[in-house]
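Quick notes on the structure that follows.
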Amino acid sequence: VEATPEWAAEIKRLARERGATILAHNYQLPAIQDVADHVGDSLALSRIAAEAPEDTIVFCGVHFMAETAKILSPSKTVLIPDERAGCSLADSINAEQLREWKADNPNALVVSYVNTTAEVKGLTDICCTSSNAVDVVNSIDPDREVLFLPDQFLGAHVKRVTGRTNMQIWAGECHVHAGINGDELTAKSKSHPDAELFVHPECGCATSALYLAGEGAVPADKVKILSTGGMLDAARVTKSKQVLVATEIGMLHQLRKAAPDVDFQAVNDRASCPYMKMITPAALLRCLLEGKDEVHVDLEMAKRAQKSVQRMIEIGN
Ligand code: 13P
Ligand code: SF4
């Protein structure tokens, strides 16, 4: 199946027929982004899913995102074009491990990144995404111990920005972002001295980006640690002619659309998420034709997870 204009028209027709809205994450293939009703980062898509008037949500993203939509709207039908689209970061902690961690720290408050399973969310006090992680941690009583999971690089970033010392961080990582390393970033920014740097906090290189700024290799105001939604906001107002982007490469499509005159370049052009890319034009077509794969979350588990996700969508902009 090719992503032709006929394919796009058929997708739109089938979605209308099903009363479905199509949501796509910023890391999806360009053709999927272009056919979707809404494109955004994980926080924006969660909010849209929660408020969508349609009874069916087709989530073009990875499984935990579709699951989050289902947790927020248990009565809606939530479809994902390929349920095998997982996430290496969400796999880096399971419910049993979190139960043990909590048992060792009975008074701590648990903050989980949205990249987690429904079961882990059910053991969580507040969820966050990369857009509002700092606001979420700042909303917590400064005397309360925090357990932050599962991403160590996002955790380190939040700790740095909030200055919080009573915060333990799980040692998980996303294999795509962890693979964007500091050496590549250093080499790329040295060979493009006038370029601005947009770095996703899940990157292994987030720390070295700040180090570079501290060393004077890149002026501090040129380095921005941003969620994918934050990158788009920054792209719309940047005065730079060139921006180096450290995140999954699907992001370049929306950035180029948002600021066509800016030259956006990937720090690592092999940083492609194999899970995000499982959502192909053929998979989306099959999904709309057959109503598959449907996402189910056990109702009791959804209820437990809902409070933490609800708090996530209420905090930050
Ligand atoms: P955001 O869309 O919140 O920036 O998250 C990026 C990500 O890796 C989701 O898988
Ligand atoms: Fe998960 Fe990383 Fe892929 Fe995002 S880019 S879905 S965090 S594996």
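When a ligand or atom number is given, it counts from 1 through the structure's own listing order.
Among all protein heavy atoms, the one lying closest to atom 3 (O) of ligand 1 is S42 OG, 2.6 Å. Remark: minimum distance from atom 2 (Fe) of ligand 2 to any protein heavy atom is reached at C174 SG, 2.3 Å. Regarding atom 1 (Fe) of ligand 2, its nearest protein heavy-atom neighbour is C87 SG, 2.4 Å. Nearest protein neighbour of atom 2 (O) of ligand 1, counting heavy atoms only, is H25 NE2, 2.7 Å. Closest to atom 7 (S) of ligand 2, if we only count protein heavy atoms, is N115 ND2, 3.2 Å. At the top of the distance list for atom 7 (C) of ligand 1, counting protein heavy atoms only, stands Y27 CE1, 3.4 Å. The closest protein non-hydrogen atom to atom 9 (C) of ligand 1 is M65 CE, 3.6 Å.
Within the 4.0 Å heavy-atom cutoff, L43 does not count among the residues contacting ligand 1. Taking 4.0 Å as the cut-off, E248 does not count as a neighbour of ligand 1 on heavy-atom distance. In this structure, C174 does not count as a contact residue of ligand 1, since none of its heavy atoms falls inside 4.0 Å of the ligand.
Residue-to-ligand polar distances keep H177 apart from ligand 1: every N/O pair is separated by 3.5 Å or more. Where the criterion is an N or O separation shorter than 3.5 Å, residue side chain and backbone included, T228 meets it with respect to ligand 1.
Side chain of E196 to backbone of K222: no donor-acceptor contact under 3.5 angstrom is found.
Here K188 does not pair with D183 in a salt bridge; the nearest charged N to carboxylate O distance is not below 4.0 Å. In this structure, R13 does not pair ionically with E6, as no charged nitrogen and carboxylate oxygen lie closer than 4.0 Å.
Among the atoms of C273, no N, O or S atom falls under 2.8 Å of atom 1 (Fe) of ligand 2.
Annotation for ligand 1: atoms under 4.0 Å from non-hydrogen atoms of Y113 are 5 (O). Residue contact check: E202 has heavy atoms under 4.0 Å from atoms 7 (S) of ligand 2. For ligand 1, the atoms lying closer than 4.0 Å to a non-hydrogen atom of N115 are 9 (C), 10 (O). Listed by number with element, the atoms of ligand 2 under 4.0 angstrom from any heavy atom of S88 are 8 (S).
Contact detail for S308 and K121: the closest heavy-atom pair is OG-O, 3.2 Å.
Distances from atom 1 (P) of ligand 1 to the heavy atoms of S131, S227, S130, A133 put S130 nearest.
Between the side chains of N26 and H253, no donor N or O sits under 3.5 Å from an acceptor N or O.
Within the 4.5 Å cutoff, no side-chain heavy atoms of E202 are placed close to those of H157. Side-chain contact between Q242 and D194: absent, with no pair of heavy atoms (C-beta onward) separated by less than 4.5 Å.
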